[in-house]
Structure formats: structure tokens, C-alpha cells
Amino acid sequence: MNEIKIFSPATVANVACGFDILGFCLDSVGDHMVIRKTDTKGIHITKIEGFDLPYEPELNVAGVSALEMYATLDVDFGFEIEIYKKIKPGSGIGSSAASAVGSVFGMNALLGNPFSKTQLTEFAIKGEALASKCEHADNLAPALFGGFTLVKSVSPLQILEIPSPKKLYATIVHPQIEIKTSESRAILPKQVALSDAVKQSANLGSLVHALHTNDYDLIKNSLNDVIVEQHRSKLIPEFNKVKQAILNAGALGAGISGSGPSIFSLSEGLETANNVKDAIIKIYSNTGIEFDIHISKINSEGVKVL
Ligand code: HSE
């Protein structure tokens, strides 16, 4: 096999109380990429559609992770990468992670899968760092493994797969502004109050327990962020109104998706997820803010060959 086409999914990171640690995978949005073996050694980005991104591999997230993997290989061929970008950069649903994961997943498949998913995350984290100026894997891990993942440690990299309750649906709205992850990180405090750290740890622990035990009430009771949301929500138009409308429509909880501006919510059952969608549309339609909105099951597979 010399060529492979893949789907690299969007993801939601942080999931309210799991800043830089927790994430889940979406199935309704993702990038397409073609990875091809070529006689010319090295990594070559030959096509980019959808958004204006650099072709130089060392300046492109997909290129950086590919170069990282390529440096470990002893081969007399190279790889071409075509990127069909569907996830808008700066939207808060793991656009850079999808690119970083897609290239190394495709190369690995063409090589006969010598690397584990954790090793692929190690390569991809370098690409992610190009975009966010920081090595974090909470979008990369769910994009590679699917479902919910918890990044126990970045160095050494340790990723835990968390089960997804079957009736869980995400409603994601993307108000059409761009927020750069690096900027959204820069506004966060360097230190937090001990009492907030305790609340956040309790919520994260109980959310993980709830996901293991299919306890929707406990999911609802745990989806709270007392550390990050208060700072970042100021960057997102009508955040508080939208969040309140989501909760009124019956969602289990809501918060900022990754570094924003997308807002995620989780609901028990498709009907509630649809009610949440209608409630969000009502708010944003009255403001003139342009937005994309979609509903997604939790994607248990992650990045895949098409
Ligand atoms: N955990 C990261 C953040 C995700 O919130 O900055 C963004 O990609």
C-alpha cells in the first residue's frame, strides 16, 4: 500500500473540570488527509484545501509531527501529505490536534503500524505545541484513541481510556470568531486558590467515576469548572446566556470547548441534545453573531482509514 486516505476527528478538550487532562472525540466533524509514500526522501505537503495554512512542513502542525516521526525512521523513501481541512483553526474543537494526529496516523499505517497510539501521541504533541506554544495532549489523545481519554502525565506520556455512556450526545456551537490557543492560555492565572483546586479535583474525580458507572446524574453534578471558565468566558460572545439556555433545555452540563470559542454541552439522549441545539440557535439568532452548530455522538473509534 502506497497511499492512504484518513478521517481525523474534531475533539473537545478540558470538558469543564479536566483542564489539559480530559477530552472526548466527536464523530460529525473532522479533516480528511491523504498520505502517500514517495521516492523523494523527507516530508512534503503537496496540497492544502479549506484554509490558508503553510506548506513548509516545519511551519505546519501536520508537518511538524510528521517530521518528528520521520526522524526516527531509517527509510529510503519519503511521504507526501494532502490536507483537506474541515475544522476551522482557532475554533476550539481540536483543529491543530486533528492535523497533528492525521499525518502520523497515516504514515504509521503505510509503514505497517510499527508505533503504538501512545507513541503516535508523542510525535503529534510536537505539532500541537507549534500551535499552542505548549505541549498538551488532551485533544490529541481522544483523536487517536477515540472516546473519552485522560492524560495522566505528559512526561512520560501516560493516557487512560475512559468508557463513554451510550446515551451521551454532545451539542457544539461555534460562534464565528477565532481564538488562538496560545492567547487563550496567556490570560489564565499562574496560581489558583487551594479551595478551587480541591473543588476542581473533586469534580474531575467524580466525572471520571460517573463515566465508568453510567451515572448521568453524577455527570451533571460534576461538569463544573471553577478555575478556567471565569477567565476565558469573557472572550466568548453571550457565553453566560448561552450556557444558561443550554442548562434550561435539560443538558447535563456545558462549558468552553478547549480554549474556545466553541461551547460544548453534554446531554442524555438525542432528543435533549436537539432541544439544546434549538435553545442555542434562539440566543445566537437574536444577536447577529454567525455560528455553526452540530450534534455528535461520542466517537469511540477516533482517527480512521477511509
Ligand atoms: N487544554 C487546552 C487549553 C486545549 O485549554 O488550552 C486547547 O487546545
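Heavy-atom basis, side chains included; hydrogens, waters and symmetry copies ignored. Whatever order the structure lists them in is the order used to number ligands and atoms, beginning at 1. As the structure is a prediction and not an experimental result, all values here were calculated from the model.
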Heavy-atom closest pair, residues Gly90 and Pro261: O-CD, 3.2 Å
Heavy-atom pair of closest approach, residues Ser164 and Gly147: OG-CA, 3.8 Å
Parallel, tilted or perpendicular: ring planes of Phe24 versus Phe148, cut at 30 and 60 degrees: tilted
First-shell residues of ligand 1 [heavy atom, distance under 4.0 Å]: Ala13, Asn14, Phe19, Asp20, His136, Asp138, Asn139, Thr181, Arg185, Arg232, Gly258, Ser259
Nearest atoms (heavy-atom pairs only) where Lys220 meets Ala251: CE-O, 4.4 Å
Within 6.0 Å of NE2 in His209, more than 12 heavy atoms from elsewhere: no
Between Ser8 and Asp31, a side-chain donor and acceptor under 3.5 Å: no
